[in-house]
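All chains are named by letter (A, B, ...) in the order of the sequence lines, taking the proteins before the strands, and each is independently numbered beginning at 1.
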Protein chains: 2
Amino acid sequence: MSFQLDQFLPYQLSVAAAEISRRFAARYAAEAGISIPEWRVLAHLGHSGAVSVRDITQRVHLDKSVVSRAASRLQEVGYVAKSDHGEDRRLIVLQLTPQGEDLMRRLSAVADKFQDELRALLGKDAAAFENGLARLLAGADG
Amino acid sequence: MSFQLDQFLPYQLSVAAAEISRRFAARYAAEAGISIPEWRVLAHLGHSGAVSVRDITQRVHLDKSVVSRAASRLQEVGYVAKSDHGEDRRLIVLQLTPQGEDLMRRLSAVADKFQDELRALLGKDAAAFENGLARLLAGADG
DNA sequence: GCAGATTCGTTGTGCTTGCAACGTATACTG
DNA sequence: CAGTATACGTTGCAAGCACAACGAATCTGC
């Protein structure tokens with residue numbers, strides 16, 4: 001039979017993503033003791049400033065329950081502050097504490113370094129690869 | 001702050017892989033009512049012929065417990081047969097039943113079609129993209 | 001040839017995820 | 001300005017996964 005799983009694009013993509021996520025997660029777990037969802041929430045807050053749980057949910061591709069629990073834990077350990085939204089009291093405003101900002105500075109460096117390593121691994125295909133990834137992401141929305 | 005999660009390669013890779021897996025899984029779930037691990041086991045058996053659980057575990061990047069349970073379910077529904085290995089009685093020999101082979105022929109067509117769609121989406125970057133993916137997979141082993 | 005280490009597949013367990021339900025708050029609609 | 005619908009964040013719950021432990025079988029070294 002001719003079908004070969006290990007030459008099948010969705011399979012390769014899935015395995016590569018899992019392995020790379022795992023390796024990167026090990027680095028920021030070592031640096032900060034945080035999980036993947038927590039990393040994503042932190043990273044988004046670092047860039048966006050003060051936003052609601054809903055904003056994060058929409059942008060980081062995580063279920064709102066996952067964001068809610070990640071935010072709670074990040075608050076417990078002091079990286080994130082929760083406060084009320086003045087006008088709409090359904091909303092909760094999340095933002096980094098000074099410690100959170102400090103951590104994100106360190107994690108940014110870790111992330112940039114990791115990305116550089118990946119680009120080096122990709123070599124001359126790096127640009128086309130990222131281009132293709134963007135196309136997949138755009139096309140997968142529909 | 002400068003770090004942008006949505007331009008971070010591991011994040012993009014993870015989101016793209018998750019979304020594509022989800023969409024492809026919906027297709028073979030509709031065709032055959034199987035899960036992702038079951039699809040992988042079937043696909044590997046279709047290509048490899050009769051092999052042990054251990055062989056599959058090593059090649060499809062799934063934990064042995066996941067392969068074991070997937071194989072049991074596939075046996076229950078009649079796509080896979082288990083038999084003893086003559087020389088080493090620790091091993092279990094898995095292979096597709098005639099119905100399993102039949103199913104894999106249909107699933108191969110579904111998979112090929114899906115992959116063609118992805119390649120179309122990638123356009124001129126397709127070759128470089130797959131090349132890059134191969135490099136990531138090779139580099140991620142170490 | 002036998003005691004300990006290793007390998008195979010299965011099964012048990014804690015944890016995370018994804019979905020649904022809920023309470024509260026705001027937005028619509030007549 | 002009621003009464004209903006919708007949105008927000010939290011919590012409960014079932015399903016799936018990774019990891020560890022296990023019994024059975026084989027290998028290893030003495």
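For A/K113, the side-chain hydrogen bond (donor to acceptor under 3.5 Å, both in side chains) partners two or more places apart in sequence, or in a different chain, are A/E117.
At a threshold of 4.5 Å between non-hydrogen side-chain atoms, the residues A/L136 and B/F129 count as touching.
Remark: A/K82 is not in phosphate contact with D/dC8, judged by side-chain N or O atoms under 4.0 Å from OP1 or OP2. One finds a side-chain N or O of A/S68 lying less than 4.0 angstrom from the OP1 or OP2 phosphate oxygen of D/dT10.
Going from atom CZ of B/R22 over to atom P of C/dT17 covers 17 Å, rounded to whole Å. We find that CG of A/D88 is positioned 17 Å from P of D/dT6, with the value rounded to whole Å. One atom, CG of B/L91, and another, P of C/dT10, lie 11 Å apart when rounded to the nearest Å. Here the C1' atom of nucleotide D/dA25 and the CD1 atom of B/I92 are 12 Å apart, to the nearest Å. Straight-line distance from the NE2 atom of A/H85 to the C1' atom of C/dT26: 12 Å, rounded to whole Å. The distance from atom CG of B/D55 to atom C1' of C/dC8 is 11 Å, rounded to the nearest whole Å. For the pair B/W39 CH2 and D/dG16 P, the computed distance is 19 Å after rounding to whole Å. Look at CZ on B/R89: it is 18 Å from C1' on C/dT10, rounded to the nearest Å.
Across D/dC8, C/dT26, C/dG9, the shortest atom-to-atom separation from the side chain of B/S52 is found for C/dG9.
Ring pair B/F24/A/F8: centre-to-centre distance below 6.0 Å.
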Collect all protein-nucleotide pairs involving nucleotides 17-24 of chain D in which both atoms are nitrogen or oxygen and the distance is under 3.5 Å.
residue : atom : partner : partner atom : Å
D/dC19  : N4   : B/S65   : OG           : 3.0

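Here A/D125 pairs with B/R135 in a salt bridge; the nearest charged N to carboxylate O distance falls below 4.0 Å. Salt bridge absent: B/R89 and B/D84 never bring a charged side-chain N and a carboxylate O closer than 4.0 Å. Using a 4.0 Å cut-off between a side-chain N of Lys or Arg and a carboxylate O of Asp or Glu, B/R73 and B/E76 do not qualify as a salt bridge.
Between atom CG of residue A/L42 and atom CZ of residue B/F3 there is a gap of 11.0 Å, rounded to the nearest 0.5 Å.
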